[in-house]
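Heads up, the thing below is written out as structure tokens.
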Amino acid sequence: MPFFLQFVKKLTSTEKGSFSSGEVESLQQEVDVSNQQRDHRQESLLQTLRASMAYHARYSLGKEWEDLSPRDLFMALSLAVRDRLVDGMLKTEARYRQARAKRLYYLSMEFLIGRSLGNNLYNLDLWDLCQEMLSQMGIDLEALQEQERDAALGNGGLGRLAACFLDSLATLGMPGYGYGIHYEYGLFRQEIENGYQKEQPDTWLAQGMPWQIERPDEACRVPLYGRVEHTQDAQGRDVARWIEQKVVIGVPYDIPIVGYGGETVNFLRLYAARSSQEFDMQIFNRGDYLKAVEQKISSEIISKVLYPSDSVEAGRRLRLTQEYFLVSCALQDIMRRYRQSEESLDAFPDRVAIQLNDTHPALVIVELMRLLVDEHGLPWDKAWEITQATCAYTNHTLLPEALEKWPVSLLGSVLPRHLELIQEINHRFLQQVATVWPGDAARLQRMSLIEEGDPQQVRMAHLAIVGSHAINGVAALHTELLKTTMVPDFYQLWPERFQNKTNAITPRRWLLKANPPLARLISATIGEGWITDLDQLRALEPYAQDAGFQEEFRKAKRSNKMRLARVIQETTGIAVDIDTLFDIQIKRIHEYKRQLLNVMHIMHEYFMLVEEQKPPLFPRTYIFAGKAAPGYWAAKQIIKLIHNVAQVINNDPRARGLITLVFLPDYRVSLAEKIIPAADLSEQISTAGTEASGTGNMKFALNGALTIGT
Ligand code: 26Q
């Protein structure tokens, strides 16, 4: 045992012996040697990184060092960091393969990643080193980060949750992968013109995206449209053939996801749609070359843009096509990887778990049945057993208007074979219901996968429930409401399938990276264990009344408020006083989230001040940020109202220093990282029972804000 450890052991044992001067001296020597070794390692790491950055500047960007713009410097550094991620990714894959590990695939139409440079540096423990290296070159790392565009491939909570899960899976060393769509345009950029929201395209890829690795060799073919032909095999069994399809190509792009400590590097695989040679062979064959090329372009529209609404866009063919495109690409890739190590499909659920992020990828249930039954010739019951054992569904909303439904005719035209399979699944399911509740026609109608009416619609939540072995809500109350009010029939039928999985957030991005002063204070007080084991924050409880700790906490909050005040000044021109209470509501603009209630309270405070001469109890700065879906009129009016009220209050000398109102444009992950650490008060005031979980609420709490909420 090294002397150092003996020393520690002696120190911590109950009978603390004293140390001879010789012992102390040899400890000092050991500490010196270990410090030198560390300095040496750090120095050589720094040199490696510097050399790698110079290499990429020259050979990836093709520029002389002196000619690099700030953007180039960001690219060169990111590519140098990416090399390390790739090494880790290959090692991780070898480890999983060796262990024949069961793999988790998180299928989601959204991944709201934000920026990656800072996060990767923190998780690789290279932040301090990089900061030092760059400062030697006269470059400020904080400023350099601003060169990175957010990867905004999501609308809000559901997409950000997916991104947080990827961080946690990698940190826990688990083989968990994200599968999504490589949208050319992420969520729109929000500009404010005369108080109104204006949407601009998000060209996040235009200047190059250093983190992604294109993998054209693993591209796959996605069939669409066509019709189904039924024949019989030698044994007289029905054989379905999906024919005359149009084919789109899915090209994967991998984004490495490194866990804290750098031991595990998983990836997020995003598919871009490319036209296939034969997308519409008939047009080619007719010799209409230009028309055929036009067709090719139209198939690439599938991955063009993220739908900017966080509730349902009813009946959009392109959205349905996007959902199937994700499902088909992901499942082909999952099957390919499975077959590399396994022969029989029987063991599929032992090696593969597929998690559905809401109903958006629910077609995976039908697609898996199609592959098993039509392509691999499995009997229906066996295929169904495998499918159910593989899939699990997370529900994120109870709002009826947010439940996905697809018109039967639309689904049948894009995916004719899938419609048949859904009808077969429904037929067998309703038979089962009828044996449990004989003669209960109303129940059959309530539970059917097909909603009667004009038009008939496929209920995606019912499909997701029937095809899954586990169904979860995202908070205790939400799960109870799911069971008792949203789908009570299903809960009565299969109570064991319903479970709660309360949402969470990654403390790496939302505390360690976003709030360095508070993270340092916590680590200095209770050690660094909290970074991967958040329950350890309990150890802070004894310091709640500690004057010294309180003082340091206040200093941290103050410096974060200063940083946010600079951002507010730069983006809105409004000067805010950091000694006022920062009262913050940032989230998508929605009626159920009640930003309107918040503004009306602000108006009330203002009228009390100017009409009744009653100043507020405490001077406040109200801060809002959030995007409205482009087609959501009421939400856009709320944005306009906030601006009009701000115009009045901020220009009234009577309110100066007492009430200030700010709307920060273009809410996004990187902006949230600057706003949340500066909050004194977190507004969580949705109509009771309507917010499934919320996750922004947790980010505020973790950064030491008080919550006001329903
Ligand atoms: C569906 C069909 C067509 C077009 C768009 C959509 C669509 C897209 C996004 C429907 C819903 C969403 C997003 C929903 C969402 O973000 N829900 C939030 O999920 C969080 C994570 O569980 C919860 O914390 C929030 O309470 C919940 O609102």
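Indexing begins at 1, ligand by ligand and atom by atom, following the structure's order.
- Under the 3.5 Å distance criterion, the side-chain polar atoms of His469 are matched with a main-chain donor or acceptor of Cys391.
- Of the N and O atoms on the side chains of Lys501 and Gln499, at least one donor lies less than 3.5 Å from an acceptor on the other residue.
- In this structure, atom 12 (C) of ligand 1 lies nearest to the protein heavy atom Asp310 O, 3.4 Å.
- Under a 4.0 Å N-O distance rule, the pair Glu199/Lys636 qualifies as a salt bridge.
- At a 4.0 Å heavy-atom cut-off, ligand 1 does not touch Arg316 at all.
- Atom 1 (C) of ligand 1 has Arg319 NH2, 3.5 Å as its closest protein atom, hydrogens excluded (heavy atom only).
- Between the side chains of Tyr122 and Arg508, no donor N or O sits under 3.5 Å from an acceptor N or O.
- The stretch residues 148-157 participates, sequence neighbours left out, in these side-chain hydrogen bond (donor to acceptor under 3.5 Å, both in side chains) pairs: Glu110-Asn155, Glu148-Trp211, Arg149-Asp202, Asp150-Ser670, Asn155-Arg588.
- Between Asn503 and ligand 1, a contact under 3.5 Å exists for at least one N or O pair.
- The heavy atom nearest to atom 23 (C) of ligand 1, out of those in Gly157, Ala402, Gly694, is found in Gly694.
- A donor-acceptor pair shorter than 3.5 Å can be found between the side chains of Ser413 and Arg317.
- Ring geometry, Phe267 versus Tyr177: the interplanar angle falls from 30° to 60°, so the pair is classed tilted.
- Scanning all protein heavy atoms for the shortest distance to atom 5 (C) of ligand 1 gives Ser309 O, 3.4 Å.
- Protein heavy atom closest to atom 16 (O) of ligand 1, with residue, atom name and distance, is Leu158 N, 2.9 Å.
- Within the listing of ligand 1, atoms 26 (O) sit less than 4.0 angstrom from a heavy atom of Ala692.
- Residue contacts with ligand 1 include Val474, since one of its heavy atoms falls under 4.0 Å from the ligand.
- When the heavy atoms of His396, Glu110, Glu691, Glu323 are ranked by distance to atom 25 (C) of ligand 1, first place goes to Glu691.
- Residue contacts with ligand 1: Ser693 is placed with a nitrogen or oxygen under 3.5 Å of a nitrogen or oxygen of the ligand (distance criterion only).
- If you check the side chains of Gln322 and Tyr183, you find no donor sitting under 3.5 Å from an acceptor.
- When non-hydrogen atoms are compared, ligand 1 lies under 4.0 Å from neither the backbone nor the side chain of Met109.
- Between the side chains of His462 and Asn426, no donor-acceptor pair is found at a separation under 3.5 Å.
- Close approach of ligand 1 to Tyr592 is summarised as follows: ligand atoms under 4.0 Å from at least one heavy atom of the residue are 28 (O).
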